[in-house]
Protein chains: 2
Amino acid sequence: MVTNNLKMLVNCVLNKYYMIFEELEAAIRNGKYPPDTILPSENELAEQYNTSRETIRKALNILSQKGYIQKLRGKGSLVLDLEKLQFPISGLVSFKELADKMGHSSVTIIERFLNTQPSSLLQKEMQLKKEDSIWEVFRVREINQERIILDKDYIVQKYVPGLTEEICRNSIFDYIEKELNLKISFAKKEFTVEEPTEEDYNLLDLEGFHSIVVVKNYIYFENATLFQFTESRHRPDKFRFVDFARRNEA
Amino acid sequence: MVTNNLKMLVNCVLNKYYMIFEELEAAIRNGKYPPDTILPSENELAEQYNTSRETIRKALNILSQKGYIQKLRGKGSLVLDLEKLQFPISGLVSFKELADKMGHSSVTIIERFLNTQPSSLLQKEMQLKKEDSIWEVFRVREINQERIILDKDYIVQKYVPGLTEEICRNSIFDYIEKELNLKISFAKKEFTVEEPTEEDYNLLDLEGFHSIVVVKNYIYFENATLFQFTESRHRPDKFRFVDFARRNEA
DNA sequence: AAGTGGTCTAGACCACAGC
DNA sequence: CTGTGGTCTAGACCACTTC
């Protein structure tokens with residue numbers, strides 16, 4: 001607990017450009033900088049935040065990548081309309097974080113929680129040895145009394161020790177980042193549409209649906225080790241993925 | 001034609017950091033820097049390319065965002081396995097560019113090409129006036145003799161004049177960027193799954209399929225004007241979207 | 001101790017908008 | 001012409017990994 005607070009303190013002090021990004025993001029979200037207006041210039045911001053222009057530019061670049069602003073040379077940084085671009089909750093976000101943001105009342109039901117050896121398929125997909133044991137966690141997400149999503153997580157035990165059912169009922173990402181102090185860094189995601197399996201029909205409310213949206217996630221730590229594979233199976237009517245993309249991400 | 005070549009020449013000369021990114025990308029793709037090896041250090045690269053370290057870092061950051069490398073502090077930049085992370089063709093890419101990259105033999109059939117007034121729905125979605133006329137282009141993408149994708153494009157005429165059927169048979173993006181010299185900058189994308197419409201059944205080979213993947217694209221120029229709305233309707237069995245995401249894009 | 005990437009700075013020159 | 005963002009530089013200090 002103490003170490004957590006310490007960590008948060010350090011995080012607050014560290015990374016000037018990221019703090020500035022967060023402040024500007026909040027200011028845009030709460031309407032201090034409304035859509036279709038121009039932010040203060042980079043030089044002005046550098047003065048305001050008592051920093052150099054390059055540091056301001058790092059903060060602005062994050063805003064730009066996330067779709068908050070569009071830079072117009074010779075003019076300034078235009079605030080984009082978040083309503084129109086509708087919260088691109090892309091990136092690498094857990095269900096818990098998403099549900100919190102959306103203000104949904106959601107229930108998580110643990111359908112399976114066990115420690116086992118990986119199947120040969122999983123060994124190949126995660127490049128594991130036979131001996132490596134894994135946590136196998138199946139969770140059903142219920143929204144408005146309907147079973148909408150089935151999350152099948154496979155987590156390498158040696159990297160994420162001490163997992164419990166209680167943790168899975170809340171947020172595995174929270175546990176990894178806040179308790180174990182490990183840094184989740186990147187993921188490869190793959191979206192496909194498949195026929196529902198017997199398992200899908202048993203665990204989800206699929207009356208009248210003939211397909212299921214499958215999102216496979218390969219999730220890596222900062223040191224580039226693959227620690228988790230997640231297969232997320234969504235009822236198609238409730239699935240919606242919004243992304244913001246730049247043509248030349250620079 | 002002459003202006004085009006001039007422009008390309010300028011583009012080749014400009015942007016040192018982007019050129020370095022492209023060289024490194026090519027070097028990784030062609031195996032000069034194999035997976036699980038470490039790139040030359042930032043200082044070494046700065047010397048090699050006769051530039052400053054910050055410029056090298058900009059190039060490396062693009063590689064990192066696109067999933068080519070993972071930076072490890074104290075160690076170096078690790079080359080990630082592209083096979084494992086399988087060409088994340090995300091971002092903002094046209095069908096033509098994608099088909100070219102994959103080496104697919106694809107055919108594009110123009111089902112509709114006309115200049116018209118926007119429907120009231122489209123007026124709202126694209127924030128147009130009644131008077132603004134638009135190009136309405138429906139294209140079916142055929143792969144291996146099967147009609148897989150229906151692309152419905154709505155393009156604001158005043159921003160993209162002179163469109164022809166011939167251009168649509170090739171690449172509209174090419175025309176906009178190379179002929180009109182306009183810069184496509186960013187897009188909001190939205191993925192959903194829907195019931196096929198009568199139109200889908202008429203224009204695509206959908207025997208035995210009960211759903212369709214809908215990708216809506218709102219595409220903007222560099223000056224933040226919305227010039228194109230595209231609805232891309234995919235047969236579910238052939239749809240696959242791969243993305244690379246970083247948790248804190250910095 | 002040496003080398004690595006991560007951050008930050010102060011200054012320079014450029015291309016572009018707008019007056 | 002002035003102010004804007006876009007690029008590039010040279011140098012500094014830090015935290016981390018490795019020996």
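In what follows, every chain begins at residue 1, and chains take the letters A, B, ... in the order their sequences are listed. The structure presented is a predicted model; accordingly, all values stated were derived computationally and were not measured. FYI, side chains are in, hydrogens and waters are out, and symmetry mates aren't considered; it's all heavy atoms of this structure.
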Atom CG of N30(B) with >12 non-hydrogen neighbours under 6.0 angstrom: yes

Hey, is the side chain of [X] poking within less than 4.0 Å of OP1 or OP2 on [N], counting only N and O atoms?
{"X": "N15(A)", "N": "dG6(C)", "result": "no"}
{"X": "K75(B)", "N": "dT18(D)", "result": "yes"}
{"X": "K58(A)", "N": "dG6(C)", "result": "no"}
{"X": "T51(B)", "N": "dT9(D)", "result": "yes"}
{"X": "T55(A)", "N": "dT9(C)", "result": "yes"}
{"X": "Y17(B)", "N": "dT7(D)", "result": "yes"}
{"X": "S41(A)", "N": "dT4(D)", "result": "yes"}
{"X": "K71(B)", "N": "dG6(C)", "result": "yes"}

Tell me whether K58(B) is salt-bridged to E54(B), with the criterion being a basic N under 4.0 Å from an acidic carboxylate O. no

Applying side chain to side chain donor-acceptor pair (under 3.5 Å) between D132(A) and each of Q123(A), Q117(A), K158(A), report the one that passes. K158(A)

Taking for each residue the nucleotide of DNA chain C bearing the nearest heavy atom, is the 5' side occupied by R57(B) or by R53(A)? R57(B)

Whole-Å distance separating the CD1 atom of I56(B) from the P atom of dG5(C): 11 Å

How long is the line joining NZ of K16(A) and C1' of dC14(D), in whole Å? 14 Å

Tell me what L72(B) touches on the nucleic acid: a base, only sugar-phosphate, or nothing, going by heavy atoms under 4.0 Å. sugar-phosphate

Under the ring pair (Phe, Tyr, Trp, His ring centres under 6.0 Å) rule, what pairs show up with a residue in residues 19-43 of chain A, not counting sequence neighbours? Y18(A)-F21(A)

Let's test this: given Watson-Crick or G-U wobble pairing with both distances under 3.5 Å, identify the partner of dA17(C). none

